[in-house]
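Labels below follow one simple rule: chain letters A, B, ... track the order of the sequence lines, proteins then strands, and each chain is numbered from 1.
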2 protein chains.
Amino acid sequence: MKVGNALAALNALSHETRLSAYRRLVKAGPDGMSVGELRDELEVPPATLTAHLNVLRAADLVQDQREGRVIRVTANFDRMTSLIAYLTENCCADAGQCAPVPVCAQPARRGC
Amino acid sequence: MKVGNALAALNALSHETRLSAYRRLVKAGPDGMSVGELRDELEVPPATLTAHLNVLRAADLVQDQREGRVIRVTANFDRMTSLIAYLTENCCADAGQCAPVPVCAQPARRGC
DNA sequence: TTCATATTTCCATTATTCCAGAATTATAAA
DNA sequence: TTTATAATTCTGGAATAATGGAAATATGAA
């Protein structure tokens, strides 16, 4: 991941509403949820949510798919993985300084 | 790590100059570097650097220590570790959706 | 068609952040 | 003391981001 992409992702996640939206989408899993469902949960006006989603989209942290009138939004897990890898390199690589990172420490989770 | 702390850290790192500063401090290792050295490398005016450092300080991503006239700044590795853990939980925990995270994948690094 | 719904874009307003010069504080050296 | 250096705070203007109402677009249903 390039610096510019990391900055875009960090910026996208650094806003309360957007972080909430992203977390909610992660919770929703691979099926994601519609913009309307997200709006109901976050309780923000439509235009405001769209603006925030656009930031997350530009950072490639979410992707969407139109299903008729509804737009289904999903979290881009790979992108988050890349961001975490980028930060990890910032933490470990150059300095040889590496605090133990509890990544996927929980047992019995898929992919861990 | 609480949401507010994660937001502060994400926000602090979401600016090009601040991310550069933090990365440079990580590279400098546990001894860190003086504000002046950092200023020379980043080539920003003193007041500007101080303002950015204050954001990183507020997020507890760096800490400093006065040595005479010089202030020595060091990266707070634990804080970054906590941030990575927070993001990892956002990525894995609730959804049971976990992409393989290449944390400390490089061999022969201390602590990995 | 016409109507209804989902979502977006447009736009203006407000709020926040960024920037960097000037003044200030802190410390050390002469 | 006085002088010099390191870094900070203060400050105000410029740039950017956030907000949300209103209008526009996209799609499906009647």
Distance, rounded to the nearest Å, where B:Leu42 contributes CG and C:dA20 contributes P: 13 Å
Is any side-chain heavy atom of A:Val62 less than 4.5 Å from a side-chain heavy atom of A:Asn76? no
Can you establish whether the number of heavy atoms outside A:Glu43 located under 6.0 Å from its atom CD is more than 12? no
A:Leu53 atom CG is separated from C:dT9 atom P, nearest whole Å, by 10 Å
It should be established whether A:Arg57 places a side-chain nitrogen or oxygen under 4.0 Å from OP1 or OP2 of nucleotide C:dT7. no
Any side-chain N or O of B:His52 below 4.0 angstrom from OP1/OP2 of C:dT17? no
Separation of D:dT25 atom P from A:Asn54 atom CG, nearest Å, is 17 Å
Atom-pair distance (CG on B:Leu38; C1' on D:dA7), nearest Å: 12 Å
Quick one: which of B:Asp78, B:Thr88, B:Asn5, B:Leu10 gives a side chain to side chain contact (heavy atoms under 4.5 Å, CB included) with B:Leu83? B:Leu10
Record whether the side chain of A:Arg69 comes under 3.5 Å of the base of C:dA4 through a donor-acceptor pair of N or O atoms. yes
Looking at B:Asp64 and B:Arg57, does any basic side-chain N land under 4.0 Å from a carboxylate oxygen? yes
Below the 4.0 Å mark, does D:dA17 have OP1 or OP2 next to a side-chain nitrogen or oxygen of A:Asn11? no
Among C:dT7, D:dA18, D:dT8, the one nearest any side-chain atom of A:Arg18 is D:dA18
Please determine, for the side chain of A:Arg66, which listed nucleotide (D:dA26, D:dG20, D:dT8) has the closest atom? D:dA26
Report yes if some heavy atom in the side chain of A:Leu61 is under 4.5 Å from a heavy atom in the side chain of A:Leu13; otherwise report no. yes
Using atom CG of A:Leu7 as one end and atom C1' of D:dT16 as the other, report the distance to the nearest whole Å. 15 Å
Considering only side-chain heavy atoms of A:Ala47, which listed nucleotide, D:dG21, D:dA18, C:dT8, is closest? D:dG21
Rounded to whole angstroms, how far apart are NE2 on B:His15 and P on C:dT16? 18 Å
Between P on D:dA26 and CD on A:Glu67, what's the gap in Å once rounded to a whole number? 19 Å
Pick the closest DNA chain D nucleotide for A:Pro45 and for A:Gly68 by heavy atoms, then say which residue is nearer the 5' end. A:Pro45
For the pair made of CZ in A:Arg72 and P in C:dT7, what is the distance, rounded to whole Å? 10 Å
Within the structure, does a side-chain N or O atom of B:Thr50 lie under 4.0 Å from either OP1 or OP2 of D:dT8? yes
Would you mind classifying the nucleic acid contact of A:Thr17 as base, sugar-phosphate or nothing, using non-hydrogen atoms under 4.0 angstrom? nothing
